[in-house]
Amino acid sequence: MSWAFLRDLLSGVNKYSTGIGRIWVAVVFMFRLLVYVVAAENIWKHEHDEFECNIKQPGCENVCFDHFFPVSHIRLWALQLIMVSTPSLLVVFHVAYRENREKHHNQKFYRKPGKIDGGLLCTYLISLILKTGLEIVFLVLFYKLYNGFKIPRLVKCDINPCPNTVDCYISKPTEKMIFLYFLVATSCLCIILNLSELSYLIFKYSIKCYLKRHMKKQQ
């Protein structure tokens with residue numbers, strides 16, 4: 001899978017972000033995207049082939065694997081990365097709209113088209129709320145689908161067509177557990193960064209509005 005489009009998107013968003021937003025971009029690019037592409041994808045590459053049960057009943061291994069791993073970890077992480085990065089397109093599109101509007105009318109409407117103020121501030125805040133919400137949704141989804149953030153060494157399965165309760169073994173459980181914890185931790189870090197940036201922008205805008213009203217009263 002090519003991740004060039006996501007890399008380009010993050011690079012574009014970085015130009016219009018605050019300092020906290022740039023840290024978020026760095027975390028997503030370096031500690032999530034690169035770790036996913038370089039290491040995690042290879043660890044889960046043959047997860048179905050390496051899932052073994054102590055019985056060779058036709059269909060038993062497939063049914064047990066589908067029961068304990070209804071959605072592949074690696075595909076769910078890929079979807080999470082794409083979904084949490086997509087709201088940033090709102091900011092890119094808004095800035096592009098500002099620039100095209102100035103170009104079309106051949107006059108200056110904004111001092112800096114990429115400056116976070118006015119309508120762009122609302123768009124930026126919405127993107128932060130969406131990113132935070134999606135991160136939380138995926139963490140809850142992971143927890144519900146896999147009964148917690150853990151990779152068991154052994155799972156017991158008694159689903160038809162298995163003739164009785166069979167033992168099934170997951171390959172490289174310790175290595176997978178380490179990466180699972182790492183990716184969950186980076187997801188939590190991104191939530192903290194998003195909430196921090198959201199609070200910072202709201203506080204900054206509130207102070208700005210208060211000072212404007214105060215100056216008008218003095219005048």
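Small disclaimer: the values here were computed from a predicted structure and weren't measured.
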(request) Please answer: with hydrophobic residues joined when any side-chain heavy atoms are less than 4.5 Å apart, are Leu128 and Leu195 in the same cluster? (result) yes
(request) Give yes when the SG atoms of Cys168 and Cys53 are nearer than 2.5 Å, otherwise give no. (result) yes
(message) Nearest 0.5 Å, please: how far is CG in Leu145 from CG in Leu141?
(response) 4.5 Å
(message) For the residue pair Ser72 / Glu47, report whether a side-chain donor-acceptor contact shorter than 3.5 Å exists.
(response) yes
(request) Return the minimal non-hydrogen interatomic distance between Leu90 and Thr123, and the atom names on each side. (result) O-CG2, 3.5 Å
(request) Examine Leu121 and Ile129 and state if one hydrophobic cluster contains both, with Ile, Leu, Val, Met, Phe, Trp and Tyr joined whenever side-chain heavy atoms are less than 4.5 Å apart. (result) yes
(request) Might you point out which heavy atoms bring Leu139 and Phe149 nearest each other, and give the distance in Å? (result) O-CZ, 3.5 Å
(request) Any chance you could lay out the side chain to side chain contact (heavy atoms under 4.5 Å, CB included) test for Arg32 and Trp77, step after step, and finish with the verdict? (result) CA-CA 9 Å; Arg32 296 181 75 174; Trp77 278 326; over 6 Å; no
(request) Rounded to the nearest 0.5 Å, what's the gap from CG on Asn194 to OG on Ser127? Could you check? (result) 8.0 Å
(message) Does any part of the side chain of Trp24, heavy atoms only, come nearer than 4.5 Å to the side chain of Ser88, both counted from C-beta?
(response) yes
(message) Using 0.5 Å steps for rounding, measure from the NZ atom of Lys131 to the CD1 atom of Ile136.
(response) 13.5 Å
(request) Please report the closest heavy-atom contact between Pro161 and Gln57, naming both atoms and the distance. (result) O-CG, 3.4 Å
(request) Start with the C-alpha distance between Arg153 and Thr174, add both sets of side-chain angles, then the distance that settles side chain to side chain contact (heavy atoms under 4.5 Å, CB included), and finish with yes or no. (result) CA-CA 8 Å; Arg153 297 175 183 274; Thr174 304; 3.0 Å; yes
(message) Strictly under 2.5 Å separating the two SG atoms? Check that for Cys157 and Cys64, please.
(response) yes
(request) Please examine the side chains of Pro163 and Ile55, heavy atoms only from C-beta on, and report whether any two atoms are closer than 4.5 Å. (result) yes
(message) Taking side chain to side chain contact (heavy atoms under 4.5 Å, CB included) as the criterion, tell me which of Val25, Val27, Val28 meets it with Leu193.
(response) Val27
(message) Count I, L, V, M, F, W, Y as connected when their side-chain heavy atoms are under 4.5 Å apart, and connections chain through other members. Are Val140 and Leu189 then in the same cluster?
(response) yes
(request) Compare every heavy atom of Pro152 with every heavy atom of Ile170, then report the nearest pair and how far apart it is. (result) CD1-O, 3.2 Å
(request) Work out which heavy atom in Leu134 is nearest to a heavy atom in Met83; give both atom names and the distance. (result) CD1-O, 3.2 Å
(message) Check for me, please, whether Ile178 and Leu76 land in the same ILVMFWY cluster - side-chain distances under 4.5 Å, paths through other members count.
(response) no
(message) When you measure from the side chain of Ser187 to the backbone of Leu183, do you find a donor-acceptor pair of N or O atoms at a distance under 3.5 Å?
(response) no
(message) Could you go through Phe51 and Asn62, starting from their C-alpha distance and side-chain angles, then the distance that decides it, and tell me whether this counts as side chain to side chain contact (heavy atoms under 4.5 Å, CB included)?
(response) CA-CA 9 Å; Phe51 183 83; Asn62 288 335; over 6 Å; no
(request) State the CD1-CD distance between Ile192 and Glu197, to the nearest 0.5 angstrom. (result) 14.0 Å
(request) Quick one: pull up OG1 in Thr186 and CD in Glu135 and give me the separation to the nearest 0.5 Å. (result) 8.0 Å
(message) For the NZ atom of Lys172 and the CZ atom of Phe179, what is their distance to the nearest 0.5 Å?
(response) 10.0 Å
(request) Please work out which of the three classes, parallel, tilted or perpendicular, describes the rings of Tyr146 and His73, given edges at 30° and 60°. (result) parallel
(message) Under the rule for salt bridge (Lys or Arg N to Asp or Glu O under 4.0 Å), what residues qualify as partners of Asp167, not counting sequence neighbours?
(response) Lys156
(request) Start with the C-alpha gap between Asp158 and Val166, add the side-chain angles, then the distance that decides, and say whether side chain to side chain contact (heavy atoms under 4.5 Å, CB included) holds. (result) CA-CA 6 Å; Asp158 58 356; Val166 299; over 6 Å; no
(request) Answer yes when Lys56 and Glu61 have at least one side-chain N-carboxylate O distance shorter than 4.0 Å, and no when they do not. (result) yes
(request) Answer with yes or no whether the hydrophobic clustering places Phe68 together with Tyr169; edges join I, L, V, M, F, W, Y residues whose side-chain heavy atoms lie under 4.5 Å apart. (result) no
(request) Verify the neighbour count for atom CZ of Phe69: are there more than 12 heavy atoms of other residues, nucleotides or ligands below 6.0 Å? (result) yes
(message) Please give me the minimum heavy-atom distance between Leu81 and Val84, naming the atom from each residue.
(response) O-CG2, 3.5 Å
